[in-house]
Structure formats: structure tokens, C-alpha cells
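Quick notes on the structure that follows.
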Amino acid sequence: MDFNYTEEQEMIRQAARDYAQRELIKDVLERDETAAYPTKHIKNLSELGFMGIMVDPKYDGGGMDTISYTLAIEEISKIDSSVGVIISVNNSLVCWGVEEYGTEEHKEKYLRPMARGDKIGAFLLSEPEAGSDATSQRTTAIPDGDFYILNGTKNWITSGGTASIFLVIAQTHPELGHKGINVFILENDAPGVSIGKHEDKMGMRSSDTHSVMFTDVKVPKENRIGEDGFGFKFAMETLNGGRIGIAAQALGIAGGAFDRSVQYSRERKTFGTEIANHQAIAFKLSDMAVRIENSRLLVHKAAWLKDQGRNFSTASAMAKQYAADAAMWITTEAVQIHGGYGYVKEYHVERLMREAKLTQIYEGTSEIQKIIISRSILKD
Ligand code: COS
């Protein structure tokens, strides 16, 4: 067992940290206020190779492993998890699925521009009545000659307003249940696609979340990924990897709140001494550090299993559930350590607390992760 990072992993971690601490920090509070999309940062991070970190270099990706990807997402999310989620979704929910299961044509036409960051991808699974209960897809994809015709509504779509490539999950054969679901690659300018309002979120405000509606949208048959009925399996496999990214994001949010708490505790004085010298505060820091370390081990274990080509669905569910719940606890404690200062924006920790909340909800709630984990325990 080797807990050291390779030179390449260390390099990507440092590059992500440098960009986050030098650039993202400058306008993160302003973007939290205005909910403006981080266009400039996504362009810069694309040029640095972050939008396709794990994609094979032959499709213009970085060719890095999943550990490197988690290190990048962690460092970016310490400062700005809105940027973290845009990178995470593009890499693990969209690029990964196309690279793993798409045809050579799909990879040339869609993966290459997404890996470069010239085009952004979005993953369209959730619906008004199918979030956790993902098999209950109402969006339909009905075969018609050389096309499928899509009708329905997707919601909570990360990058829904900026992405130009959509992976759309839809039901083709309702009588077959989840085995009748398909997945399609669709361009956002196809006639009949309309984008709903920008969601005014509690946290991660500068990531771009929309609903997307389809009215008689024609998608060429060759844009279906995999065999007829492969869509649900595709979505689950893709989410397994996505959850490693969100776990890394939660780890970053927790780490950001922890770093600020340590610094504040060393500076702020009460009762004649720095508050770090009060055991009430020192023990909070200790509990935070243990949970961060646990989260990191779970995230890296899941990433390592994925890189080894081994089954990682339970490991990714464990990493996501633990790291998200830890981030919620740690950020709440960080606000407490900061007292009144924690409750105002300029100290960042209230923002990190709002951001942590979303990691317990998207890409499968903490409760869904417990379903996955408990079923894996009880299946034999
Ligand atoms: N990895 C691989 N395959 C999986 C899987 C996973 N994590 N979870 C389920 N599957 C497979 C099952 O093995 C089953 O396949 P077979 O029919 O070939 O045996 C199929 O998917 C259906 O699974 P299941 O019968 O367990 O379906 P359920 O309706 O009971 O629910 C859960 C499965 C709850 C795990 C699934 O609906 C889920 O993950 N929901 C959350 C979705 C989500 O994350 N939404 C957030 C929005 S996306 S940003």
C-alpha cells in the first residue's frame, strides 16, 4: 500500500491549488452574490486541461488517473465548488460515458471538443418526478425512421444553460421498465429543445442549473449510446464515477472550511488567549481533521478501485455519503468557531456551509447512497 502521490498527481494538485488560490478566490464572493457563470475561469481551466483530465490524450484529454481528478476537484472546491461541479460533471458524467461506451464517431464529434473545454457537456437524468426514483423516467424517446422523437422535461441540470452537448436519458419501451430506457447524445440547438429558467440556488450559485424541455425533438438513431435498453445501466455506471467527483468536492468544501477555522482560531482572542487554546475549539478542530482524513481515504479508495478496473459502485457510494455528511458537519462547526463572523459573507464559511448542503443532495442523496451500500451488504 502506497499513500504517496505520484509526481503527476502532485503536479495536477499543485496546478489546481495555484489556480484556485490565485484566481478563483478573487471573485468567488461576487459570483456567489450575482450567480454569474464563471465563463472566464472555465475558459482558463480548459486551457490548463481540467475539462477533460481523465480523457485519453488521443481525444485531446489529459490522460490522468481518477486520483488526479479527485485531487483537482478537491483543490478547486476548497475555494469555489461551483467551478468544481462544472468540471466534475463535464469529466465524469459526460466525457467518461461517451469515452467508455460511445462509438468512434461519437468520440470524434463530441468527446474531443468536450475534453478540450470548447464545448460543455450536461447529463440529463433527473425529472420533476424522477430524481431519486430514477427508473421512473417520463421523458419518452419513440423510434421514427432514422430518428427517435424526444418529448418530456428534465430538471436540476448542471450546466443546463451553457452546455451544448446533452446526454439525455429517456424511456423507449415503458413496458420493460428500466430495461426500456435509452441514452442519447443531443446538441442543445436541435429544434424543439427549450431551456427553462436559471434556478436561484441556496449555494453553488454560479454553477448554472436549469430545466430543459423537449417537444418533438428529433435525435438521429446513431446518437443512441449502446444497445437498445442500455440507458439505465449507462446512467448508473456513469453516476458511480460522478459520485467520486462529488465526494472529492465535499472533501474540498470541508477542507476549505477547516483551513479557515484553523487560521481564525489562531488569530481570534477571547478570555486573554487565542481561541485555539480553548479545548472547546481545539477538539472541534480535531474532530474536523479526523473526518477530513476519513473522507480522503474513502475518496481515494473509490478512485483507486476505478483505476484498477474493479467494481467501485459501493466504494463510491460510501465516499459520497461519508464525505458529504462530513462536509455538512464540518462547515456548520466552522461557522460556530467563527461565531458572528461566521454568519457574514466575507469570512466564506457560511457560503461553504450552503455549498456542502448540495453535496448531500445531488448525484444521489445521502439516503440513496445508503440504499446502495445496504443492498450491497445484504445481497448475498
Ligand atoms: N451501479 C451499477 N448498476 C446499478 C447501480 C449502480 N450503482 N444501481 C442500480 N444498478 C442496476 C441494478 O443492478 C439493476 O440492474 P439489473 O436489472 O440488470 O439487475 C438496475 O440498475 C435497476 O436497479 P434497481 O432494481 O436496484 O432499481 P431501483 O429502482 O430499486 O433503484 C437506485 C436503484 C435507487 C440505486 C437508483 O434509482 C439510483 O441510483 N437513484 C438515484 C439516482 C440519482 O443519483 N439521481 C440524481 C440525479 S443525477 S445528477
Side-chain angles (χ1 to χ4, degrees), residues 81-82 84-97 100-101 120-139 152-160 163 166-171 173-183 199 201 204 207-212 226-247 249-250 302 305-306 309-321 323-324 357-380:
S81 61
S82 296
V85 72
I86 295 166
I87 294 176
S88 174
V89 166
N90 197 68
N91 272 285
S92 51
L93 288 189
V94 190
C95 287
W96 184 83
E100 188 75 10
Y101 297 111
I120 305 292
F123 183 77
L124 285 72
L125 172 69
S126 290
E127 298 187 351
E129 290 173 72
S132 291
D133 183 10
T135 57
S136 297
Q137 294 288 306
R138 301 274 199 280
T139 298
T153 299
K154 297 289 177 181
N155 63 354
W156 316 127
I157 305 306
T158 300
S159 302
F166 293 156
L167 289 187
V168 185
I169 320 290
Q171 180 57 272
H173 312 285
E175 68 287 1
L176 298 179
H178 71 268
K179 290 186 169 26
I181 291 172
N182 277 309
V183 55
E199 299 292 351
K201 304 195 297 296
M204 298 201 205
S207 84
D208 174 39
T209 310
H210 291 260
S211 48
V212 179
E227 295 297 304
D228 191 15
F230 178 61
F232 192 73
K233 204 79 181 163
F234 174 92
M236 292 297 108
E237 298 284 351
T238 306
L239 276 168
N240 288 337
R243 288 167 183 155
I244 299 177
I246 302 305
Q249 183 190 35
L305 285 169
K306 179 167 176 279
R310 290 167 56 180
N311 188 309
F312 62 97
S313 65
T314 308
S316 75
M318 285 185 179
K320 182 179 183 290
Q321 185 247 301
K357 188 67 215 163
L358 191 47
T359 67
Q360 293 180 305
I361 297 172
Y362 62 12
E363 297 201 27
T365 60
S366 290
E367 292 76 10
I368 286 291
Q369 308 314 320
K370 289 182 189 183
I371 291 178
I372 296 169
I373 297 161
S374 59
R375 282 186 184 173
S376 82
I377 296 167
L378 298 169
K379 76 172 188 292
D380 299 323

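Everything numeric here is computed off the predicted structure, so don't read it as measured data. Counting starts at 1 for both ligands and their atoms, in listed order.
The only option from Ile87, Leu358, Val85 that meets the side-chain contact (heavy atoms from CB on, under 4.5 Å) definition with Gln249 turns out to be Val85. Of the candidates His178, Met236, Gln171, His178 is the only one forming a side-chain contact (heavy atoms from CB on, under 4.5 Å) with Thr135. Looking at Arg243, Gln321, Lys320 one by one, the single match for side-chain contact (heavy atoms from CB on, under 4.5 Å) with Ile372 turns out to be Arg243.
With sequence neighbours left out, Arg375 forms a side chain to side chain contact (heavy atoms under 4.5 Å, CB included) with Ile371. Remark: Ser211 pairs with Asn155, Met213 by the side chain to side chain contact (heavy atoms under 4.5 Å, CB included) rule, at least two apart or across chains. For Tyr101, the side chain to side chain contact (heavy atoms under 4.5 Å, CB included) partners two or more places apart in sequence, or in a different chain, are Trp96, Ile225, Phe230, Phe234, Glu237.
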Enumerate, one pair per line, all nitrogen or oxygen atoms of ligand 1 lying under 3.5 Å from a protein nitrogen or oxygen, stating the separation to 0.1 Å; write 'none' if no such pair exists.
{"unit_1": "ligand 1", "atom_1": "1 (N)", "unit_2": "Asn240", "atom_2": "ND2", "d": "3.0"}
{"unit_1": "ligand 1", "atom_1": "7 (N)", "unit_2": "Asn240", "atom_2": "OD1", "d": "2.9"}
{"unit_1": "ligand 1", "atom_1": "17 (O)", "unit_2": "His178", "atom_2": "NE2", "d": "2.7"}
{"unit_1": "ligand 1", "atom_1": "17 (O)", "unit_2": "Lys179", "atom_2": "NZ", "d": "2.7"}
{"unit_1": "ligand 1", "atom_1": "26 (O)", "unit_2": "Arg375", "atom_2": "NH1", "d": "2.7"}
{"unit_1": "ligand 1", "atom_1": "30 (O)", "unit_2": "Arg375", "atom_2": "NH1", "d": "3.0"}
{"unit_1": "ligand 1", "atom_1": "30 (O)", "unit_2": "Arg375", "atom_2": "NH2", "d": "3.2"}
{"unit_1": "ligand 1", "atom_1": "37 (O)", "unit_2": "Ser132", "atom_2": "O", "d": "3.4"}
{"unit_1": "ligand 1", "atom_1": "39 (O)", "unit_2": "Arg243", "atom_2": "NH2", "d": "3.4"}
{"unit_1": "ligand 1", "atom_1": "40 (N)", "unit_2": "Ser132", "atom_2": "O", "d": "2.8"}
{"unit_1": "ligand 1", "atom_1": "44 (O)", "unit_2": "Arg243", "atom_2": "NH2", "d": "2.9"}
{"unit_1": "ligand 1", "atom_1": "44 (O)", "unit_2": "Gly364", "atom_2": "N", "d": "3.0"}
{"unit_1": "ligand 1", "atom_1": "45 (N)", "unit_2": "Gly131", "atom_2": "O", "d": "3.3"}

